[in-house]
Structure formats: structure tokens, C-alpha cells
There are 2 protein chains.
Amino acid sequence: MKKKDIKILLVDDEQDILEIVGYNLSQEGYQIVTASNGKEAIAKAKKEHPQLIIMDVMMPEMDGMEACENIRKIPELQDTIITFLTARSEDYSQVAGFDAGADDYIAKPIKPKVLVSKVQALLRRLKGVEGVSSTTTLTVGNIEINREEYKIIKDGEEIILPRKEFELFYLLATKPGKVFTREEILDKVWGNEVVVGGRTIDVHIRKLREKIGDSFFKTIKGVGYKIEF
Amino acid sequence: MKKKDIKILLVDDEQDILEIVGYNLSQEGYQIVTASNGKEAIAKAKKEHPQLIIMDVMMPEMDGMEACENIRKIPELQDTIITFLTARSEDYSQVAGFDAGADDYIAKPIKPKVLVSKVQALLRRLKGVEGVSSTTTLTVGNIEINREEYKIIKDGEEIILPRKEFELFYLLATKPGKVFTREEILDKVWGNEVVVGGRTIDVHIRKLREKIGDSFFKTIKGVGYKIEF
DNA sequence: TAATCTATTAACAATTAGGTAACGCATTCG
DNA sequence: CGAATGCGTTACCTAATTGTTAATAGATTA
């Protein structure tokens, strides 16, 4: 995907900001769409399918937070990156926007240069922009792991794994032989704060054993799990 | 190595984050160095030789990914742990940056408590911090002890040990020849608070003798045990 | 909207690790 | 020479840990 194919939706109630930011970004070659409140933002997002949305938190009609929540519910816009513009004074850890589904935020006052480079950094995540390469497959033993499509190929046979199962397998596969403690697994696969019941890991391991092969997975009692090839 | 000798490099373009995170970590006794973009990060990393780098992925000038790749190429910084701050909770396998050589990631929004405990966990990997050793393998005689995989290899033969047995053996193996008193063993393997009966150690020693070989274990009557090769 | 899939939990079974008691043997020491 | 002490050994018990299955709520897809 090239720069000129990337669409950015700017949302702010102040015309000045739309102009300045819009100008700078379009200079860089991005396509710019604007909206001046939350409702309009949702409408335009649906219609235009932007890759990135930069939105002020405080706006009349519908604020950024609410709009963000709504946009996150739209299936086609799952991969859209949403960034808030927030007042500097807010305590970072208090920024509620993350709960609403935002990916990042940019603090005001906005410096054009900073903004532009930040936008570029954000867009690096998008597949194929400026040929950003990332190894999408990992091979262990006779198994090839394709993390873009959440599937693995074992002896030429394709096995599609659900998200969590895949994540778990992928984690173990990054260091074959290494024993991952339950704690470690929870932390990396389930995330920092999520608390799930004690048997959850076992069940997922079992499913992997069924699908991939029992023999690969070793249980080290009192410690955790590992895979071996 | 003590806490106050540990240097952490924080990299983020937002001053707020540097302050909050920096404050929390310095409260814990760590030395903090900061940088606000990738280029600066590389420069400071070279100069300061931090043990841990916590870096935002998205930054102007040079983003975290690129900086990480560059830092990884610096010989003196091979052992430095690099952790990314990533937007929201991306799936583990999707967290770009592992390709770039990152060791771990922390998801935004950052909660100080979570951060601090995560940092502590990461630093346990470093040799000598709070007596936790980082060496993953230890070789004594014809036996290789692999802490990461919870197994020992004797003459090419793999022996998997239960947790307590492994820890007991590992303890003795850290100083071959040294006599460990029962008190010492209980303290290190079983922990300060647990009270177990008098014969417990014997039984475990016996199990090790069975699995690994009687001849390695010497009993010093009235004192304790040691291993010899 | 109905029809799948997924992730998680709950409940129970199976397994194993850790610990203990009991007994026997050796060494030490009076 | 016994008695006392410390250690080795076995068998057994219990608690902790994991395996397994099924049920359910939530997502996702057709």
C-alpha cells in the first residue's frame, strides 16, 4: 500500500486544527477526510473506511470517547487505528480513551513535525506500507507457523487454529524446549491484567494436543509446559 | 548486583510518560535514564549501558522498532533486555518487534504497579539480582543442568526431574564439593517458612541417587551433603 | 437471525509430587 | 559392650497439580 492510498480521518470541532493538521498530512501525501463532531465522524468512517482516525476527545454533539466506542463496533473498521488528541494536563494513566478502544493518543499542543512522524510510525503497523517487512512465518521441526493467517502447516497439512490456541502455540514455539511457567503463559498470551481460571491453560493445551499431536507437548508438573520436536 | 546499580533507559516521546514511569521506577531504587526518540535512545544506550530498555514503539524521528534493531547490533548491549510499550493489547504473535529483537512487551495503558512488577520479573534474568542466577545451563562433570528446561543431561541421556528434586540438585551443583548443611538446604530449597520433617531431605537425596547415580552424592554425617564429580 | 465457533468455567477423575512414619543399620561414645 | 545418635530405605498417605469432559456464554459467520 502506498502513501497516497492511505486515508486519514481528522475529527475536531475547531476548524483551525483541521486545517493545520490536514495541511501537514496532505503535504505528506495522505488523503484527508474531516469531520467536526462524533456523529459526523462515525458516518464518515463508515463511508470512507480510513486506515487512521485522529480525533479530539472533547467535542460537541458526541465526544471522541463515545464515537470511538461506536466505531470499534463496526466490523469493517476493526483494523482502523484510532488516536486521540488530548490535553497535555491529563495524567497519562488516567486517560480513559484506551478503554474505549483507542490505540494511542497525541498530546496537545500539536507540533506539526511531531504529528507527522507519529502518524508515520502508527501507519507502519499496516501491512505492506513502504515495504515494512516482518517475518510472518516461523518454522519449528516439521511445522510451519504462519502468524498472519493463524494457521500452521504440519507435514503439508494445514491446520487452522483459533486465536488463543494459536497464541499459546506460538509462544511455546518461539523457544522449543524451554519450559514456560503458567504465570509466564498467562502474562504473555492473556495479557497483563486478565485473570482467567486455573484450568484455562490446560484446556487449551489439550486442544493443541488433539490438533497437532500429543507427543509435542510436555508437562513439567509444578512448573509449566514446553514443546519438543 | 544490587538494585541501585541497575540502570533503566526509558524511551518515549511524551514527557508525561517519562515522568510517571520514571518516578515509579526510581522509587523502587533503580537508576533512570531517559530519551525521547529512537536516535537519542541509541546514543544513550551506547553511553550508559543500561540493563533494561523500556521503549515506546511509536515515536517521531526513529521509532522503537528501528531503534531496537540498531541496538541489537551493538556488541556491548547484547545482554540488554529490551521491552516495548505497545498500543492496547495486541495479540502476542502480532506484536511486531519480536522480529526486531525485543524481549517482552508491556501493553498500554500502563499501570504503575503492573509495570514495576514486570520490570522486576524481567530483571530477575540478570545475573546476581537478588540471588537469582541467570545462567540457564550449568555443567558439572559429565552432567549438564538446564534450568530453563528443567532437565539434566547425563552422558547424553535426558533426565527430567520433579521440581523439588531439581532444585535440590541444582543447589548442590552450584558449588560442587561444598558441604551444604541441612539447614542451608531447607532454607534455599524449601524456603524460610516451610517446616518439613527431618527425613524429607534424605528421601529426596535418595531419589536423586537413584536417578543420577549414587556415587555423586556424599553424606557428611552430622553436617550435611555435597556432590562430587 | 440462526447456526456455528471460541473461550472460559465447572466438576470430577487421574496422576504425581512431596512428605511422613517406621524400621534397620552403622557409627560413636560412655 | 550396649545405648544413643544420625542416616538410609521402604512403603504409604495426602495434598497439590494436571487431565478430561461437558456445559455455557459470548463472538463470529453464514
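Side-chain atoms are counted along with the backbone in the values below, which use heavy atoms only and exclude waters and symmetry mates. So you know, we letter chains A, B, ... as the sequences are listed, proteins then strands, and number each from 1.
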Taking atom [atom2] of [N] as reference, at what distance in whole Å does atom [atom1] of [X] sit?
X: B/Ile205; N: D/dT10; atom1: CD1; atom2: C1'; result: 17 Å
X: A/Leu186; N: C/dA7; atom1: CG; atom2: C1'; result: 14 Å
X: B/His204; N: C/dT16; atom1: NE2; atom2: P; result: 17 Å
X: B/Arg163; N: D/dA16; atom1: CZ; atom2: P; result: 12 Å
X: A/Ile220; N: D/dA16; atom1: CD1; atom2: P; result: 21 Å
X: A/Tyr150; N: C/dT6; atom1: OH; atom2: P; result: 13 Å
X: B/Ile201; N: C/dA21; atom1: CD1; atom2: P; result: 16 Å
X: A/Asp214; N: D/dT18; atom1: CG; atom2: P; result: 16 Å

Give the ring-plane orientation class for B/Tyr150 versus B/Phe166, where under 30° counts as parallel, over 60° as perpendicular and anything between as tilted. tilted
For the residue pair B/Phe217 and B/Phe169, categorise the inter-ring angle as parallel (less than 30°), tilted (30 to 60°) or perpendicular (more than 60°).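 The arrangement is tilted - the two ring planes meet at 30° to 60°.
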Is there a donor and acceptor pair, one atom on the side chain of A/Lys221 and one on the base of C/dT15, closer than 3.5 Å? yes
Would you say [X] reaches [N]'s phosphate, i.e. side-chain N/O to OP1/OP2 under 4.0 Å?
X: A/Arg182; N: D/dT17; answer: no
X: A/Tyr225; N: D/dG19; answer: yes
X: A/Arg199; N: D/dG19; answer: no
X: A/Thr219; N: D/dT17; answer: no
X: B/Trp190; N: C/dG18; answer: no
X: B/Arg209; N: D/dG8; answer: yes

Which nucleotide, [options], lies nearest any side-chain atom of [X]?
X: B/Arg206; options: C/dT8, C/dA17, D/dT10; value: D/dT10
X: B/Thr200; options: C/dT9, C/dT20, C/dG18; value: C/dT20
X: A/Asp202; options: C/dT20, D/dG19, C/dA7; value: D/dG19

Salt bridge (charged side-chain N to carboxylate O under 4.0 Å, His left out) for B/Lys154 and B/Glu144? Distances and angles first, verdict last. CA-CA 6 Å; B/Lys154 180 193 168 193; B/Glu144 187 187 313; over 6 Å; no
Can B/Arg182 and B/Tyr225 be counted as having a side-chain donor-acceptor contact under 3.5 angstrom?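 Distance-only check passes for B/Arg182 and B/Tyr225.
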Is B/Glu210 atom CD crowded by more than 12 heavy atoms from other residues, nucleotides or ligands, each under 6.0 Å away?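 Counting other residues, nucleotides and ligands, CD of B/Glu210 exceeds 12 neighbours.
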Which residue, A/Lys211 or A/Gly197, contacts DNA chain C at a nucleotide closer to its 5' end, judged by nearest heavy atom? A/Lys211
